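One structure is given here, and the rest of the page talks about it.
Model, not experiment: these values are computed from the prediction. Worth knowing before you read on, the calculation uses all heavy atoms, side chains too, and leaves out hydrogens, waters and symmetry mates.
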Amino acid sequence: MDKISTAGNWASEAKEHLLASGTSLESFAQAGFQGDIIEEAHGLILRAVDGKEYIAGASGAVNVNWGYSRRDLAEAAMEQMLKMSNGGLTPGAPSTAIIEYASKLAQFTPEGLGRFLFMHSGGEANDASYKIARFYWWNKGEKGKYKIISRDLAYHGLSIGSMYATRMMGAVPPSGEFGPPIPGYCRTSAVYCYRCPFDKTYPGCGMECAEALAETIQQEGPETVAAFVAEPIYGVAGTIIPPEEYWPRIREICNQYNILLILDEVMTGFGRTGKNFACEHWDLKPDMLIMSKGMTGAALPLSAVAITEEVFEGMRGEQRFSHFASTGGHPVCCAVATKVLEIIEKEKLVENSAKVGRHLAERLNKLTKSPHIDNVQCLGLFAGLEIAKDKPSKTPYAPESEEIKKFNAAVHDRGLIVRASPKGRLQIAPPLIATIEDIDRIVDILELALKDSNLD
Ligand SMILES: Cc1ncc(COP(=O)(O)O)c(C=O)c1O
């Protein structure tokens with residue numbers, strides 16, 4: 001077979017053999033992948049096939065929490081591969097690697113969330129949590145409680161189940177291209193003070209966004225609702241942090257109407273916000289917690305749903321709980337995830353996220369002297385900001401505007417990768433091993449790119 005060696009060949013082979021996602025397939029068929037093809041990455045630095053280097057300002061898909069290509073994780077994987085490379089004795093039976101990981105993970109998760117079901121991806125774990133919620137109520141004799149409520153702007157994945165809970169603007173939820181929508185999913189309002197869906201100003205708004213959940217439950221009928229699922233801090237929408245009172249009120253509403261609270265911490269978990277899990281900022285106690293990205297730092301695919309003992313008790317009964325994936329909780333992934341817990345503790349990476357995150361917040365807040373940079377939000381190494389055409393009216397630039405194209409090109413040319421979210425938010429979320437110097441390098445490039453595109 002011919003060896004693929006030049007940048008041009010990589011691009012043409014990709015065009016011929018891959019099915020691209022998140023883009024129009026007509027433009028893909030014509031032009032192939034737009035953007036760099038990465039060959040190698042170490043720590044925070046990625047190298048493309050043409051030799052150009054980038055610093056990871058958004059940790060891949062905000063998942064490379066512990067840096068790229070770590071030897072300690074590679075060695076943990078190798079050791080487990082050579083010890084036992086596959087699952088337990090029979091389908092669903094655990095290996096020692098999964099049991100060891102689960103018991104260590106229980107010391108890392110918030111108190112009371114110490115029982116786990118392992119899957120591979122965030123979307124899959126969301127699907128599993130909705131099934132758990134439905135099974136729980138069914139088993140308790142409340143067979144009509146099956147609806148899952150999620151919020152506008154939410155991202156919970158793109159598997160067939162999680163896609164209908166995802167409510168980003170644009171392509172999801174889908175508009176018919178994947179057949180009729182699956183019944184049992186309902187929407188409620190976003191919490192987004194900068195662009196309040198009720199045109200109110202915080203404080204003094206009566207937290208209408210939280211009260212909207214109570215209204216949605218009443219409209220649907222509490223006897224039909226199984227769970228409310230939400231990210232504690234919006235991630236894919238561009239790091240949007242709710243006001244202090246929001247989560248305590250949501251917990252009250254879920255209790256009042258007897259529905260389960262599922263927190264999706266796929267992006268915010270594992271130190272991203274300066275605590276092990278973001279719910280700890282509010283001392284918020286969910287009934288289920290979903291995690292994935294930081295578990296292995298994307299070195300291998302792994303996700304989990306953590307449930308409380310109360311949820312487990314509600315599920316106990318004669319009915320078989322049918323949820324299983326042949327390689328869910330794969331021993332090699334669990335061995336790597338166990339090593340991650342060791343590294344987090346040894347290198348104090350949650351503390352690092354909090355400390356270096358304060359520096360990131362300070363540097364980003366200084367950018368607001370620009371007439372175009374607004375609404376900086378940052379917790380740990382998890383930051384988002386708006387690039388506004390006009391700050392007073394909060395008018396965003398269109399993503400295809402000349403200014404944004406120029407800015408994106410400048411960021412790229414200067415060797416930085418950050419995430420552009422819908423509605424003009426920019427997300428900065430470097431690996432949690434980042435130093436103050438790394439943050440300075442990232443924000444220095446942002447400053448220069450703003451200057452290059454006359455947005456400073
Ligand atoms: C909060 C949240 N949930 C679920 C997902 C989906 O995870 P995956 O891409 O692993 O399916 C993501 C991905 O960004 C996410 O941020």
Side-chain angles (χ1 to χ4, degrees), residues 91-92 112-119 122-152 154 156-167 173-174 178-189 210-231 249-266 284-291 303-325 328:
L113 287 155
R115 190 180 285 278
F116 309 97
L117 176 70
F118 292 102
M119 292 281 125
E124 253 188 315
N126 268 270
D127 287 1
S129 76
Y130 313 157
K131 280 178 70 178
I132 292 172
R134 288 173 176 183
F135 186 92
Y136 168 85
W137 290 115
W138 184 93
N139 195 52
K140 281 167 75 87
E142 302 221 35
K143 295 192 172 24
K145 273 171 95 65
Y146 67 97
K147 291 180 188 167
I148 306 294
I149 301 178
S150 63
R151 300 177 304 185
D152 290 342
H156 297 296
L158 294 178
S159 57
I160 195 82
S162 63
M163 176 172 69
Y164 288 99
T166 289
R167 296 183 184 280
F178 298 117
I182 297 178
Y185 290 87
C186 324
R187 63 154 288 281
T188 193
S189 285
E211 297 312 318
L213 174 62
E215 276 167 37
T216 305
I217 298 169
Q218 281 161 9
Q219 276 160 14
E220 296 293 333
E223 70 289 354
T224 70
V225 180
F228 171 59
V229 60
E231 304 148 85
R249 180 64 191 131
I250 292 288
R251 180 68 266 188
E252 269 174 22
I253 293 169
C254 291
N255 291 350
Q256 182 184 346
Y257 292 101
N258 212 18
I259 70 168
L260 297 175
L261 173 60
I262 307 174
L263 283 189
D264 182 346
E265 294 237 25
V266 164
L284 172 63
K285 306 251 181 279
D287 302 295
M288 280 186 244
L289 189 148
I290 304 167
M291 62 196 90
S303 65
V305 183
I307 63 169
T308 60
E309 282 309 290
E310 204 183 331
V311 170
F312 179 64
E313 284 304 313
M315 294 172 76
R316 275 174 68 165
E318 290 311 311
Q319 180 63 31
R320 171 191 161 122
F321 173 60
S322 291
H323 196 76
F324 170 69

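- Looking at residues two or more places apart in sequence or on another chain, you find a salt bridge (Lys or Arg N to Asp or Glu O under 4.0 Å) between Lys285 and Asp283.
- Glu309 meets the salt bridge (Lys or Arg N to Asp or Glu O under 4.0 Å) test with Arg115; sequence neighbours excluded.
- The minimum heavy-atom distance linking Ala165 with Val229 is given by the pair CB-CG1, 4.4 Å.
- Relative ring orientation between Tyr185 and Tyr130 is described as perpendicular, the plane-to-plane angle rising above 60° on a 0-90° scale split at 30° and 60°.
- When the salt bridge (Lys or Arg N to Asp or Glu O under 4.0 Å) test is applied to Glu313, the partners found at least two apart in sequence or on another chain are Arg316.
- In this structure Phe312 satisfies the ring pair (Phe, Tyr, Trp, His ring centres under 6.0 Å) test with no other residue, sequence neighbours excluded.
- Atom NE2 of His156 and atom CD of Glu231 lie 5.0 Å apart (nearest 0.5 Å).
- Annotation: side chain to side chain donor-acceptor pair (under 3.5 Å) contacts of Ser129 (sequence neighbours excluded): none.
- Once rounded to the nearest 0.5 Å, the distance linking CD1 of Ile132 with CG of Leu117 reads 5.5 Å.
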Practice problem: Mind running side-chain contact (heavy atoms from CB on, under 4.5 Å) on Phe178 and Leu158 for me, showing each step along the way? | Solution: CA-CA 11 Å; Phe178 298 117; Leu158 294 178; over 6 Å; no
Quiz item: Can Thr308 and Leu113 be said to form a side-chain contact (heavy atoms from CB on, under 4.5 Å), step by step?
Solution: CA-CA 5 Å; Thr308 60; Leu113 287 155; 3.8 Å; yes
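- With hydrogens and angles disregarded, no donor-acceptor distance shorter than 3.5 Å links the side chain of Lys145 to the backbone of Ala227.
- Glu211 meets the salt bridge (Lys or Arg N to Asp or Glu O under 4.0 Å) test with Arg249; sequence neighbours excluded.
- Note that the CG atom of Leu261 and the CZ atom of Arg251 stand 5.0 Å from one another [nearest 0.5 Å].
- Residues passing the side-chain contact (heavy atoms from CB on, under 4.5 Å) test with Ser303, sequence neighbours excluded: Met119, Ala125, Ser292.
- Listed by chain and number, the residues in a side-chain contact (heavy atoms from CB on, under 4.5 Å) with Ala304 are Phe118, Met291, Met295 (sequence neighbours excluded).
- Judged purely by atom type and a 3.5 angstrom limit, Asn126 has no side-chain atom pairing as donor or acceptor with the backbone of Ser162.
- Annotation: salt bridge (charged side-chain N to carboxylate O under 4.0 Å, His left out) contacts involving residues 123-137, sequence neighbours excluded, are absent.
- Across every non-hydrogen atom of Leu213 and Cys254, the tightest pair is CD2-SG, 4.3 Å.
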Exercise. List the steps, then state whether side-chain contact (heavy atoms from CB on, under 4.5 Å) holds for Trp137 with Leu260.
Key: CA-CA 10 Å; Trp137 290 115; Leu260 297 175; 3.8 Å; yes
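- Within the model, atoms CD1 of Ile262 and CG of Leu289 stand 10.5 Å from one another, a figure rounded to the nearest 0.5 Å.
- The minimum heavy-atom distance linking Ile148 with Ala226 is given by the pair CD1-CB, 4.4 Å.
- For Pro286 against Leu263, the heavy-atom pair with the smallest separation is CB-CG, 3.7 Å.
- For the atom pair CD1 (Ile307) and CE (Met315), the distance works out to 5.5 Å, reported to the nearest 0.5 Å.
- For the pair Arg187/Asp152, a side-chain contact is recorded, criterion being any heavy-atom separation below 4.5 Å from C-beta on.
- Scored by the side-chain contact (heavy atoms from CB on, under 4.5 Å) test, Cys186 finds Lys147, Ile149, Glu220 as partners (sequence neighbours excluded).
- Under the side-chain contact (heavy atoms from CB on, under 4.5 Å) criterion, Arg320 pairs with Ser322, sequence neighbours left out.
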Quiz item: Can you check side-chain contact (heavy atoms from CB on, under 4.5 Å) on His323 and Phe135, steps first, answer last?
Solution: CA-CA 11 Å; His323 196 76; Phe135 186 92; over 6 Å; no
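- Every residue two or more places apart in sequence or in another chain was checked for a ring pair (Phe, Tyr, Trp, His ring centres under 6.0 Å) with Tyr257, and none qualifies.
- Closest non-hydrogen pair, Val225 versus Ile259, comes out as O-CG2, 3.4 Å.
- A distance of 7.5 Å separates CG of Asp287 from CG of Asn255, quoted to the nearest 0.5 Å.
- Counting only heavy atoms from C-beta outward, the side chains of Phe228 and Thr188 approach each other to under 4.5 Å.
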